[in-house]
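Okay, structure first, notes after.
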Amino acid sequence: MLDILAERLRQGRRTVAFPESVPDLPPRYRGLPTLAPQSCDPPCASCAGVCPTGALGRDADGLYLDLGRCLFCGACEAACPRGMVTFTRDHRLASSTRQGLVLRPGLRPAVAPLEPGRRRLFARSLKLREISAGGCNACEADTNVLTTVVFDLGRFGIDFVASPRHADGVAVTGPVPRNMLAATLSTFAAVPDPRVAVAIGTCAVSGGLFAAGPEAAEGATPHLPVDLFIPGCPPHPLTILDGLLRLLGMKTP
């Protein structure tokens with residue numbers, strides 16, 4: 001027993017200090033992309049043409065990047081000869097609306113807290129039933145990481161539960177293919193009102209790489225009243241945690 005206590009003291013604190021401070025992110029981490037304010041003149045298709053999901057494009061208002069379809073592969077940044085797209089190390093990617101994920105120069109996604117009624121209910125205790133709807137298990141792995149001692153999601157009163165009857169909402173991962181659609185809808189229907197819905201990962205937001213497939217839907221977005229969109233392929237655990245805390249009205253850096 002004394003050896004165990006001595007080792008515990010030697011290891012010290014393992015839980016990250018977030019939201020008091022932002023922990024170090026991996027050297028290869030790609031966060032919030034930014035678009036250069038200058039116009040593409042003359043316009044070229046060098047960056048948009050390499051995007052595997054069509055997340056990057058140009059319309060009458062200029063260049064845009066849809067985070068809800070972006071895989072954060074970095075191909076556009078490498079292909080653009082003018083440096084119009086740059087991936088920063090900013091982990092704050094979540095948005096309260098689907099349209100809020102469509103970036104323009106000078107814009108960034110934002111999360112508005114839940115309305116006062118639901119916030120009073122969930123601010124100190126939010127239980128989510130995760131629905132793995134056809135995902136590759138990458139997003140699921142990062143939600144699992146949130147429950148470890150490193151992030152310790154439970155210290156904020158947020159937990160994943162085994163039954164929708166015990167939940168305050170659902171967290172959907174994966175593109176929601178046809179054979180998972182009924183299960184996704186029935187799980188959400190089993191959660192008592194008032195409830196929340198969170199789309200985690202690009203597949204859940206838009207269908208990702210599978211959006212055009214005959215068996216795939218466009219994620220959870222067309223089927224559920226999503227309160228929080230968290231893009232990424234997969235999103236970093238810190239991105240997920242930041243979005244959830246801001247949804248509950250907590251301050252984050």
Side-chain angles (χ1 to χ4, degrees), residues 52-55 66-72 93-102 109 111-112 114-115 117-118 121-122 125-147 153 158-235 237 239-241 243-244 247-248:
T53 58
D66 186 353
L67 280 183
R69 299 168 69 182
C70 180
L71 302 181
F72 292 78
L93 304 174
S95 172
S96 297
T97 65
R98 177 66 181 88
Q99 185 59 32
L101 294 177
V102 180
V111 177
L114 293 170
E115 68 276 11
R118 284 194 294 172
L121 285 173
F122 304 144
S125 177
L126 178 64
K127 310 303 180 185
L128 297 173
R129 173 67 170 101
E130 184 169 359
I131 305 173
S132 180
C136 69
N137 206 41
C139 291
E140 292 85 346
D142 278 353
T143 56
N144 286 345
V145 167
L146 287 173
T147 65
L153 190 65
I158 307 173
D159 290 296
F160 294 104
V161 294
S163 169
R165 298 294 188 189
H166 303 157
D168 303 307
V170 297
V172 182
T173 57
V176 193
R178 188 185 307 178
N179 65 349
M180 276 298 298
L181 179 56
T184 300
L185 295 176
S186 61
T187 300
F188 183 70
V191 178
D193 278 325
R195 53 197 170 187
V196 299
V198 181
I200 299 178
T202 295
C203 285
V205 174
S206 68
L209 277 172
F210 310 101
E215 297 300 321
E218 296 179 356
T221 303
H223 309 293
L224 300 179
V226 178
D227 297 286
L228 181 66
F229 299 86
I230 306 176
C233 188
T239 298
I240 303 172
L241 179 57
L244 290 173
L247 185 71
L248 296 177

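It should be emphasised that the depicted structure is a prediction, and the values quoted were computed from it without experimental measurement.
Between the side chain of R129 and the backbone N or O of G169 there is no donor-acceptor pair closer than 3.5 Å. At distances below 3.5 Å, at least one donor-acceptor pair connects side-chain atoms of S96 with backbone N or O atoms of A112. T202 places a side-chain N or O within 3.5 Å of a backbone atom of C70 that can act as its donor or acceptor partner.
Expressed to the nearest 0.5 Å, how far CG of N137 lies from CG of D142 amounts to 10.0 Å. With values rounded to the nearest 0.5 angstrom, S95 atom OG is found 11.0 Å from L247 atom CG. We find the CG-OG distance between L101 and S206 to be 9.0 Å, quoted to the nearest 0.5 Å. Distance NE2/H223 to CG/L181: 4.5 Å, rounded to 0.5 Å. I240 CD1 to T143 OG1: the interatomic distance, rounded to the nearest 0.5 Å, is 6.0 Å.
When every heavy atom of F188 is checked against every heavy atom of R195, the shortest pair comes out as O-NH1, 2.9 Å. P109 approaches L93 most closely through the heavy-atom pair CG-O, 3.4 Å. Minimum heavy-atom separation, A197 to P225: CB-O, 3.8 Å. V205 and G68 get closest at one heavy-atom pair: CG1-CA, 3.7 Å. Heavy-atom minimum distance, F122 versus P194: CZ-O, 3.3 Å. Nearest heavy atoms, I230 versus P235: CG2-CB, 4.0 Å.
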Legend entry - Trace of the side chain to side chain contact (heavy atoms under 4.5 Å, CB included) decision for I158 with L146: CA-CA 10 Å; I158 307 173; L146 287 173; over 6 Å; no
Inset, instruction - May I have the step-by-step check of side chain to side chain contact (heavy atoms under 4.5 Å, CB included) for L128 and L244, ending in yes or no? - result: CA-CA 11 Å; L128 297 173; L244 290 173; 4.2 Å; yes
Legend entry - Candidate pair E130 and I200, rule side chain to side chain contact (heavy atoms under 4.5 Å, CB included), full reasoning: CA-CA 10 Å; E130 184 169 359; I200 299 178; 5.9 Å; no
Legend entry - Working for side chain to side chain contact (heavy atoms under 4.5 Å, CB included), residues L153 and D159: CA-CA 7 Å; L153 190 65; D159 290 296; 5.6 Å; no
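In this structure, the side chains of L209 and T53 come closer than 4.5 Å at one or more pairs of heavy atoms. L224 has its side chain within reach of L185: a pair of non-hydrogen atoms, C-beta onward, lies under 4.5 Å apart.
None of V226, D66, L67 except one satisfies the side chain to side chain contact (heavy atoms under 4.5 Å, CB included) rule with R98; the exception is D66.
The environment of E218 atom CD is sparse: at most 12 non-hydrogen atoms of other residues, nucleotides or ligands sit within 6.0 angstrom.
No salt bridge links D168 with K127; every basic N to acidic carboxylate O contact stays at or beyond 4.0 Å.
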